[in-house]
K.L.:
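Please see the structure below; I have some questions.
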2 protein chains.
Amino acid sequence: METIHLKDFYQRGDQVFLPHVSVDCVIFGFHENQLKVLLLKWKGGQWCLPGGFVKHEESVDDSAVRTLEERTGLDHIYLRQFYTFGHPNREKGKKIPDARSWVNKRFISIGYYALVEFSKVNPQPDILSTECRWWDINKVPALIYDHKEIIKKALESLRMDLNDHPVGYNLLQEKFTMPELQRLYETILDESLDRRNFQKRMLALEIFERLKERRTGGAHKAPYLYRFDKKKYERALKQGLKQGW
Amino acid sequence: METIHLKDFYQRGDQVFLPHVSVDCVIFGFHENQLKVLLLKWKGGQWCLPGGFVKHEESVDDSAVRTLEERTGLDHIYLRQFYTFGHPNREKGKKIPDARSWVNKRFISIGYYALVEFSKVNPQPDILSTECRWWDINKVPALIYDHKEIIKKALESLRMDLNDHPVGYNLLQEKFTMPELQRLYETILDESLDRRNFQKRMLALEIFERLKERRTGGAHKAPYLYRFDKKKYERALKQGLKQGW
DNA sequence: GCAAAAGTGTTCTTCTTACACCCATGG
DNA sequence: CCATGGGTGTAAGAAGAACACTTTTGC
């Protein structure tokens, strides 16, 4: 992350970044059987999505990648553009210290969602914020602008993508159990699934490898551990999965 | 359509439009059993997608609607945002008469596709072009920038949307036959479908009304005419159709 | 009367859903 | 020893694919 002074950013940021264009990232994680989103607390006290601006010679995708890296410390993240928000009143209530700043102008924001492994993330605030932390998807606080709507649309897109993209690889730790994978799907879809049918369906995708180990330590019968078979997983990502759900 | 002079547009267009942001529209029509796209011929002789810019106080959606109206003469068009193209080299080979013009800068383009009733369209060139006409989707000429890729992605999105949106209403004339609807689906999907299964599936959607008339005049047995049942169609649009394909 | 397209219904197969029994573990 | 969660298989139902015969029309 480059160091940039706030005053510089407001006054001369447009020498580095395109005006009127921003990127917002809905970063999903999964922890303790809950779907989480990473949010930032503005200096004003309100919460918002991590976002950024597009450098003059930078691709929009790269700008999203950069934001992701800066907020999470991770690279090679699963990232997907899902919608562009372009209503002129989307930033209602906008207040920037310097009224003449380029940042004070209208912004069209390109929405990306990311899937990250919760335990690997080291949340980092940006220069405009004081705090960066996970929120339960069902307990998101009031957000600035249209950010609530952006999250809603991100979640809808994620649900759609679940149809033909194996999604656990990005959200779970390397080794995981079927019940864990099922919780993940149930959380994203917000519905409960039949244990036996779920397992059958998942295994039918043929992208998993069952290990001989089991997850011990918990109460009750120890479940098997699985991991993604990298080769088959990659192939599935390219071809799209067989239809389902 | 407002009259605007070309020189003004290049020199002072940024007083009206946002810099760095454009809209590209892939306008689909259906005629003589072929899927068509509406293209413009630039004054330089190359072909491109109809597009436009976003006014300072205008929503991006409205900007697309305006472009659509200007090129086709139609309003209330089925329109869908499908992707935003933001690579810095997407406009390779760009040549604008005035090198200092705002238009000469990099643009991020928000892609929309539209479905229109071919026979109702009155193609109109814009101020930058000399010709506006339909091209068969399989015979699209060389296009500027990344416009070929934009069409490709639009078509992919349309194919996806076919899963849960009844699409004929926007592309066919008011009254149509099942075989015609089938040609439309086959053209979009680029695969042939079984006549009997197709009809069953369509009728199972329960959004059609079969008329007593038949389409006479052609050779062979006269097929029935159908039209969309407006109420049921609207409901289906909102709820999404039952899964299929 | 023949070729070509359209109307219609049935069977087979596949996928989806529903559901029951036994096993392991911690308390 | 019992409550709870996990492993597995089977049967019924729904959805999709495959397919054949009859009718209409222009030539």
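The sequence lines fix the lettering, A, B, ..., with proteins before strands; numbering per chain opens at 1.
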K.L.:
Does a salt bridge link B:K175 with B:E213, judged by any charged N lying under 4.0 Å from a carboxylate O?
P.N.:
yes
K.L.:
Considering every strand and a 4.0 Å limit on heavy-atom distances, what is the contact class for B:R215: base, sugar-phosphate, or nothing?
P.N.:
nothing
K.L.:
For A:L203 and C:dT16, what is the distance between atoms CG and P respectively, to the nearest whole Å?
P.N.:
14 Å
K.L.:
Check the distance between D:dG5's P and A:D194's CG and give it to me in whole angstrom.
P.N.:
15 Å
K.L.:
Judged by modelled atom types alone, do B:R214 and B:Y224 share a side-chain donor-acceptor pair under 3.5 Å?
P.N.:
yes
K.L.:
How close or far is atom P of D:dT8 from atom CE of A:M202, stated in whole angstroms?
P.N.:
16 Å
K.L.:
Checking contacts here: which listed nucleotide (C:dA18, D:dT8, D:dA20) is nearest the side-chain heavy atoms of A:K200?
P.N.:
C:dA18
K.L.:
C:dT8 C1' sits how many Å from B:Y224 OH, rounded?
P.N.:
11 Å
K.L.:
Does B:D146 pair with B:K152 as a salt bridge, N-O distance under 4.0 Å?
P.N.:
no
K.L.:
Just by modelled atom types, is the B:Q124 backbone N or O under 3.5 Å from a matching donor or acceptor in the B:R71 side chain?
P.N.:
yes
K.L.:
Please report the interatomic distance CG(B:D136) to NE2(B:H31), rounded to the nearest 0.5 Å.
P.N.:
11.0 Å
K.L.:
Give the rounded distance in Å between these two atoms: CZ of B:R195 and P of D:dT23.
P.N.:
15 Å
K.L.:
Measure from the side chain of B:P223, starting at C-beta and using heavy atoms only, and say which of D:dC19, C:dG7, D:dG7 lies closest.
P.N.:
C:dG7
K.L.:
For the pair A:E131 and A:R133, find out whether any cationic side-chain nitrogen is under 4.0 Å from an anionic carboxylate oxygen.
P.N.:
yes
K.L.:
Using only side-chain N and O atoms of B:Q199, determine if any of them is under 4.0 Å from OP1 or OP2 of C:dA6.
P.N.:
no
K.L.:
Can you tell me the distance, in whole Å, between the CZ atom of A:R201 and the P atom of D:dT8?
P.N.:
18 Å
K.L.:
Give each protein N/O atom lying under 3.5 Å from an N/O atom of nucleotides 25-27 of chain C, with the pair distance.
P.N.:
{"unit_1": "C:dT25", "atom_1": "O4'", "unit_2": "A:H220", "atom_2": "O", "d": "3.2"}

K.L.:
Just by distance, do the side chain of A:K153 and the backbone of A:T84 share a donor-acceptor pair under 3.5 Å?
P.N.:
no
K.L.:
C:dG7 C1' sits how many Å from B:N197 CG, rounded?
P.N.:
14 Å
K.L.:
Please confirm whether any donor atom in the side chain of B:R196 sits under 3.5 Å from an acceptor in the base of C:dA6, or the reverse.
P.N.:
no
K.L.:
Would you mind reading off the distance between B:F198 atom CZ and D:dA18 atom C1', rounded to a whole angstrom?
P.N.:
18 Å
